[in-house]
There are 2 protein chains.
Amino acid sequence: MAETDSKRATLNDVAQAVGVSSQTVSRVVNGHPYVSDETRRRVQDAIRKLGYRPNRAARSLATQRTCMLGIVTFGIDHYGPAQMVTHVERTARARGYGVTLSAIRALTPHEIRAALDALGGSVVDGLVLITPVTGLSAADIEALCGHIPFVQIDTELGANVPSIVIDQHFGSRLVTQYLIDLGHRALCEISGPLNWYGAQARHESWLKTLHRAGLTPGLSVEGDWTAEGGFRAALRLLDEGAVFSGLVVGNDQMALGAIRALRERGLRVPEDVSVVGFDDIPEAAYFEPPLTTVCQNFAALGEQSVEYLVSLIDNPLTPVHQRVLRPQLIERHSACPPRQGAFFLEGEIALSRRSEEAD
Amino acid sequence: MAETDSKRATLNDVAQAVGVSSQTVSRVVNGHPYVSDETRRRVQDAIRKLGYRPNRAARSLATQRTCMLGIVTFGIDHYGPAQMVTHVERTARARGYGVTLSAIRALTPHEIRAALDALGGSVVDGLVLITPVTGLSAADIEALCGHIPFVQIDTELGANVPSIVIDQHFGSRLVTQYLIDLGHRALCEISGPLNWYGAQARHESWLKTLHRAGLTPGLSVEGDWTAEGGFRAALRLLDEGAVFSGLVVGNDQMALGAIRALRERGLRVPEDVSVVGFDDIPEAAYFEPPLTTVCQNFAALGEQSVEYLVSLIDNPLTPVHQRVLRPQLIERHSACPPRQGAFFLEGEIALSRRSEEAD
DNA sequence: TGATATGATGTTAGCGCTAGCAGAATGATT
DNA sequence: AATCATTCTGCTAGCGCTAACATCATATCA
């Protein structure tokens, strides 16, 4: 196998070993035609014997392509972004691209610029931006990316940039209407951080769906996507005297925390309060009770974004569009019809505050 | 900002704009001394005006360094590996390195070779290998990496390769002994896939700890790290007639599934069966009941591996060692002393099969 | 037989950058 | 005034590869 040479073998080393020009070796490596079978075989032998591997930097310099995609992601600690990264990587590799990862922890322009700088200097042929959060305009993004083609994932619905998004409005309508159809009239919400597009969209559609049904929305508290945040948010809801038989939670982890909080306050799920989540994380089916939630197809998101990006790289004139994926309701056992007279009389319209004020 | 030139600006463009040689611009870009303040200022202005960014490929070619680390990871869909990736990335960036990610889905030499090929051709200065799984010898790894310095994470304890590992034996002893100390005498196990070093180590130490305490290990069933796998494994345990008051589970997700299975069979946790997990995922505290588990410091793992790798890059003669981190028991509420006479009489030694055979 | 296609190779130049050396200018020292 | 060190700048080469063209041999056709 690999020679014990101190230096890595180069194209030229291989060429000399075989007695051909380096160009011929290059042709073999890149699978070009017009190399005789005999030569090809001998070159391949030498490549193996010398342990030759093409130098990507040199190739990039010559071809102006890197066969690398950059992933810039915010919120990689959360389930959604992490899933997206995984699936983007998988698809990119299947398409012959490597990926380089740049996770940003804070949403400062400085951090973002640093992330892009790390990727911008001709290290990547294209960028997948996982930007689930407000704060950067489309113009900002375009300015930062420069001439590098990019696709955004999980960004603002309706934005006029190359992007693939999940219709969070639809998902929110789905669960909210589901609870309404079950007979719930008093709904509260634990939303994700409202500077996330998805959280915002879910919140808005939660409101709108209730209004359309002629119901008054109950309290909505902002969580932080974590179980702990959900726990605290639910406690706050209860402490503020909110009265509700249905609770729409921005993701499954927060739903888990919320359920625990409800239980600690003596409320049973779903008998006293129906709880629904978002994401359908693999554990959701094994929560107590198994969680009714909304499933998002992250695999499709990853695949389609890479496909789109690759077509953008191959042909920069590919028209700009936003592809919208629809999530799907997964019915399990954390929601059921409300018990009569539990918290409120049948037909009574939901109140966001209990009449008998806090103790 | 960036000019609307069709082409990206190069060092030479900047040099011409200022009227100096490209070398001087290079000095400014790289912060070398011996550039007059006046010149430096003018160059920096021009850089900004032209939107110049150094071409990494060209720089790599000239310097033979890429300032990139490669992460090759198996099992990125699981909590541990995903956490490691996140923390490696974070630390690498703090140290001035970018990371390129190569996730392998199957443990075939072919997949691994492909992953390394994608990274090997002078794209990275060093490799972090997340290889939690058996199948590759240290020699294989060294052969595959060639001359590129590497550090393994989460590999075999005691292996003589540059590596950072968590002492899974210790962790397993911790929980197992904990249950024994609580008074449990009949313990079963749901292990992770036994081709994972961690799962293997935990399994072995589970056995050893029981033996040392003079107890006969109950049944051990292999899971797949997922909640669903834990669910099915627990069901199998029950179906095979295992009798136990304590259950050691290989990770938190499987513990979640197991708890659900136990509950569906009418067993309460922890009153009838104490369950302990591994990992301390952020949700574990909000499980029903809150899960007693073992916390692993993935952040330290990521940090130390990158630090080690960087020192290996800077000085190839850095001595080879394995750094071992110790996990920590997190007591919550999924384990308590066994009830007397629930499944077995006090003092009775655990049987791995019930006397009255399956129905 | 000469003209034309086509397969198989080599030659040349250059991608954008940095290392290393070679100056040139300035000031300090003999 | 000659010598030396110090600060600044430019020149040249080359990192390893590929695109584009040039070359040469062989096969095909009129």
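Side-chain atoms are counted along with the backbone in the values below, which use heavy atoms only and exclude waters and symmetry mates. Computed from a predicted structure; not experimentally measured. Each chain gets a letter, A, B and so on, in the order the sequences are listed, and its residues count up from 1.
Taking atom CD of A:Gln64 as the reference point, atom P of C:dC17 lies 10 Å away to the nearest angstrom. The nearest whole Å value for the distance from the CG atom in B:Asp13 to the C1' atom in C:dG16 is 10 Å. Taking atom CG on B:Leu11 and atom C1' on C:dC15, their separation rounds to 13 Å, with Å as the unit. Computed from coordinates, the B:His32 NE2 to D:dG10 C1' distance equals 16 Å when rounded to whole Å. Distance CZ (A:Arg8) to P (D:dC17): 9 Å, rounded to an integer number of Å. We find that CG of B:Asn55 is positioned 18 Å from P of D:dC15, with the value rounded to whole Å. One atom, CZ of B:Arg40, and another, P of D:dC8, lie 9 Å apart when rounded to the nearest Å. To the nearest angstrom, C1' of C:dC17 lies 20 Å from CZ of A:Arg59.
An OP1 or OP2 oxygen of C:dT18 is reached within less than 4.0 angstrom by a side-chain nitrogen or oxygen of B:Ser26. Applying the 4.0 Å criterion to OP1 and OP2 of C:dG7, one finds that A:Tyr34 has a side-chain N or O inside that range. Between A:Thr10 and D:dG16 there is no side-chain N or O to OP1 or OP2 distance below 4.0 Å. OP1 or OP2 of D:dT18 sits under 4.0 Å from a side-chain N or O of A:Asn30. OP1 or OP2 of D:dT9 lies within a sub-4.0 Å distance of a side-chain N or O belonging to B:Ser36.
If you find the closest nucleotide of DNA chain D to B:Asp37 and to A:Ala62, the one lying nearer the 5' end belongs to B:Asp37. Summary of the strand contacts: B:Thr63 and B:Gly19 both lie near DNA chain D, and taking for each the nucleotide with the nearest heavy atom, the more 5' one is attributed to B:Gly19.
Ring pair B:His321/B:Tyr308 is parallel by interplanar angle, where below 30° counts as parallel and above 60° as perpendicular.
The pair B:Arg41-B:Asp37 fails the salt-bridge criterion, with no side-chain N (NZ, NE, NH1 or NH2) lying under 4.0 Å from an Asp/Glu carboxylate O. The existence of a salt bridge linking B:Arg48 and B:Asp45 is confirmed by a sub-4.0 Å separation between a basic side-chain nitrogen and an acidic carboxylate oxygen. A salt bridge links B:Arg95 and B:Glu307; the closest N-O separation between the charged side-chain nitrogens and carboxylate oxygens is under 4.0 Å.
Residue B:Arg323 places its CZ atom among 12 or fewer non-hydrogen atoms of other residues, nucleotides or ligands, all under 6.0 Å distant.
Below the 3.5 angstrom threshold, one finds a donor paired with an acceptor across the side chain of A:Arg27 and the base of C:dG10.
You'll find that the side chain of A:Tyr52 is closest to D:dC17, out of D:dC17, C:dT18, C:dG10. The B:Ala58 side chain lies nearest to C:dC17 when the options are D:dT9, D:dC17, C:dC17. In the set D:dG10, C:dC17, D:dG16, the nucleotide with an atom closest to the side chain of B:Leu61 is D:dG16. Distances from the side chain of A:Gln23 to the nucleotides C:dT9, D:dT18, D:dG16 place D:dT18 closest.
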